[in-house]
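Below is one structure, written out as structure tokens; comments come after it.
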Amino acid sequence: MSERPDVLIVGAGFAGMYAIHRFRSQGLSVLALEAGSDVGGTWYWNRYPGARCDVPSLEYSYGFSEDLQREWDWPEVFSAQPDILRYANHVADRFDLRRDIRFNTRVTAVTYQEAANLWRLETEAGETLEARYCVMATGCLSVPNTPDIPGADDFEGCVLHTGLWPAEPVDLTGKRVAIIGTGSSGVQAIPELAREAAHLTVFQRTPVYTVPANRKAMRAAVQEEFRANYRQIREMQQNNAGGVSGFRPVKSTSRTERAADRTLNLPSAVPMAPEQGGMGILDLTEEQRRTLVRERGLGVLLAFRDAYTDPEANEAANTAFRDGIRDRVRDPETAEALCPTTYGLGCKRQVLDRDYYDTFNRDNVTLVDVRRSPIEAITRTGLRTGDAEYDFDVLVYATGFDAMTGALLRANITGRNGIRLADKWAHGPIMYLGLALSDCPNLFTVTGPGSPSVLCNMLVAIEQHVNWIGDCIDYMRRHGHERIEAQPDAEAEWVQHVNAVAEGTMYTTPSCNSWYLGANIPGKPRIFMPYVGGYPRYRERCEQVAAAGYEGFRFG
Ligand code: N01
């Protein structure tokens with residue numbers, strides 16, 4: 001590790017890890033600073049029971065190394081957190097990444113030194129490091145949100161957050177457990193907690209549309225078929241709106257299996273392109289929709305692409321979904337409380353589950369609708385709502401993240417002339433391509449706001465950004481440039497474009513309150529943050545920008 005590396009990378013999740021490898025391979029010296037004690041980012045922190053990826057692992061994996069693809073075996077089609085973390089560790093070992101990572105090091109300030117043209121990073125331990133380039137690989141969902149509930153510090157039991165779950169196993173046997181939150185994390189954790197705890201109380205504010213996840217174990221023949229076709233698969237990813245190839249094994253699966261995969265359409269939570277088409281939900285009567293859901297499960301509703309573009313079709317799908325929940329959950333009052341009514345399918349990221357609705361048929365599970373009777377306070381022994389008191393031993397927050405902007409703001413970035421990112425973003429994130437900021441020369445972000453990021457297979461989005469940044473630094477060195485900086489007008493034009501493409505989609509309907517819009521954090525500006533125009537269109541724009549000599553940037 002050199003004294004002053006060429007590049008300082010903040011974060012050693014999947015983005016930071018690839019950045020180390022990529023930049024090293026082009027002859028740059030690097031140092032990554034990571035708050036955790038090991039690699040893996042999201043998969044290091046989110047160890048809660050049931051944590052699992054919602055994109056197939058053969059797609060949610062690095063594509064930069066043929067050897068890596070050849071040698072790694074996934075045990076399941078959609079991997080559980082421990083397997084993904086094992087993969088991250090394997091990558092770290094295989095490419096000897098740890099020698100350039102400083103663990104247990106949280107960055108507290110990132111400041112541009114104009115005269116020296118250097119970025120100075122300060123750490124929680126009081127250390128200072130400098131480099132010409134700074135790459136923020138801080139993740140999109142890495143700042144856990146813990147709601148400010150009165151009395152939170154009074155609780156005498158054990159408090160956990162799904163996004164900060166301890167590494168050592170938590171024994172919940174015989175315990176009364178409570179969980180707040182029913183997003184992706186809550187939905188995955190609830191069935192597991194219910195199996196382990198003596199009693200589980202679920203505090204739900206907004207019901208979720210969740211469909212059963214694919215539970216297939218990985219068959220060796222399927223893995224092999226992927227291996228043989230990886231080159232084509234990676235290319236297909238580059239041309240798919242969500243960065244998912246959708247490649248289906250042909251040789252190693254039966255015709256029935258392939259047909260089931262097609263009709264159930266459960267490949268991943270990444271939205272598919274509307275042009276993938278299919279039958280419209282309005283072509284069926286209400287009774288036919290209900291029968292279809294009874295026969296094939298709730299996941300079948302995701303196959304109707306019109307439900308994501310046409311409000312009438314959307315409402316038909318929402319109604320069929322609610323009927324499906326009522327058919328599934330025995331207690332009518334609980335079933336009714338589980339039915340989403342305030343927003344439609346497609347507004348939030350699709351949630352996938354294992355036994356979620358069946359969990360509410362268990363004797364040891366109680367659902368509390370805190371929209372009807374809000375949480376008033378956390379007490380010494382539990383929690384109080386408007387109409388009841390609940391006692392428990394363990395409180396689990398599954399209350400999500402300060403998404404997309406949270407980690408960048410927490411790093412306290414200050415650019416040229418003392419311009420603070422917190423001030424610049426007071427009304428929402430403004431940046432160019434989700435990659436760079438005006439007044440912050442030589443600072444790049446991986447999967448920043450305004451890029452497809454969370455609407456794309458993250459591994460694809462990460463590799464594209466890191467490669468673009470690496471190529472840009474290479475270009476600068478070849479052309480003798482010391483500084484690159486996004487131009488304010490390019491930044492403004494891009495933000496306008498990001499907003500324009502999001503307008504009129506299900507993501508931004510007035511009834512939709514998602515973390516994509518920042519709506520989950522009190523006081524956060526309501527702006528649709530990721531780029532919804534599709535990964536290929538975005539990638540091409542990045543390529544054009546580079547090919548035109550970094551259009552929208554200024555060199556110095
Ligand atoms: O967070 P969320 P998440 N009182 O924000 C509730 C990814 N992910 O961690 O909707 C009561 O979705 C809140 O209620 P409401 C994935 O991209 C992926 O679950 O605000 N409740 C909501 O129910 C996902 O979208 C995977 O009314 C409160 C919940 O907490 C993203 O991470 C797995 C509350 C938060 O849901 C975030 O998911 C896990 C309060 N004061 C996560 N404050 C997979 O790959 C919040 N809530 C499968």
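Counting convention: from 1, in listed order, for ligands and their atoms alike. Scope of the values below: all heavy atoms of this structure, side chains included, with no hydrogens, waters or symmetry mates. The chain is numbered in sequence order, starting from 1.
- When the heavy-atom distances from atom 18 (C) of ligand 1 to S184, G163, A213, P522 are ranked, the shortest goes to S184.
- Near C53, meaning under 4.0 Å from any of its heavy atoms, are these atoms of ligand 1: 45 (O).
- Of the inter-residue distances, the one linking D391 atom CG with R384 atom CZ reads 12.0 Å to the nearest 0.5 angstrom.
- Of all protein heavy atoms, the one closest to atom 13 (C) of ligand 1 is R205 NH2, 4.5 Å.
- Taking a 4.0 Å cut-off on heavy atoms, I180 registers as neighbouring ligand 1.
- When each atom of ligand 1 is checked for a heavy atom of Y48 under 4.0 Å away, the hits are 33 (C), 39 (C).
- For ligand 1 and G181, the ligand atoms under 4.0 Å from any heavy atom of the residue are 6 (C), 23 (O), 29 (C), 30 (O).
- The cationic group of K348 lies under 6.0 Å from the six-membered ring centre of Y343 and within 45° of the ring axis, placing it in a cation-pi geometry.
- Atoms of ligand 1 found under 4.0 Å from any heavy atom of R52, numbered from 1 in the order shown, are 44 (C), 45 (O), 48 (C).
- Both tests pass for R47 against the ring of Y44: distance under 6.0 Å to the centre and angle within 45° of the axis.
- For ligand 1, the atoms closer than 4.0 angstrom to any heavy atom of K348 are 10 (O).
- Around atom 10 (O) of ligand 1, the closest heavy atom drawn from T162, T182, T206 belongs to T206.
- The ligand atoms of ligand 1 that sit less than 4.0 angstrom from a heavy atom of A398 are 29 (C), 30 (O), 35 (C).
- Residue Q204 places no heavy atom under 4.0 Å from ligand 1.
- Less than 4.0 angstrom separates some heavy atom of G400 from each of these atoms of ligand 1: 1 (O), 3 (P), 5 (O), 9 (O), 35 (C).
- Annotation: Y531 is in aromatic contact with W494 [ring centroid separation under 6.0 Å].
- Within ligand 1, counting atoms from 1 as listed, the ones closer than 4.0 Å to a heavy atom of L141 are 7 (C), 17 (O), 31 (C), 32 (O).
- In the candidate list C140, S185, P147, S185 is nearest to atom 9 (O) of ligand 1, counting heavy atoms.
- Of all the heavy atoms of F401, the ones lying under 4.0 Å from any atom of ligand 1 belong exclusively to the side chain.
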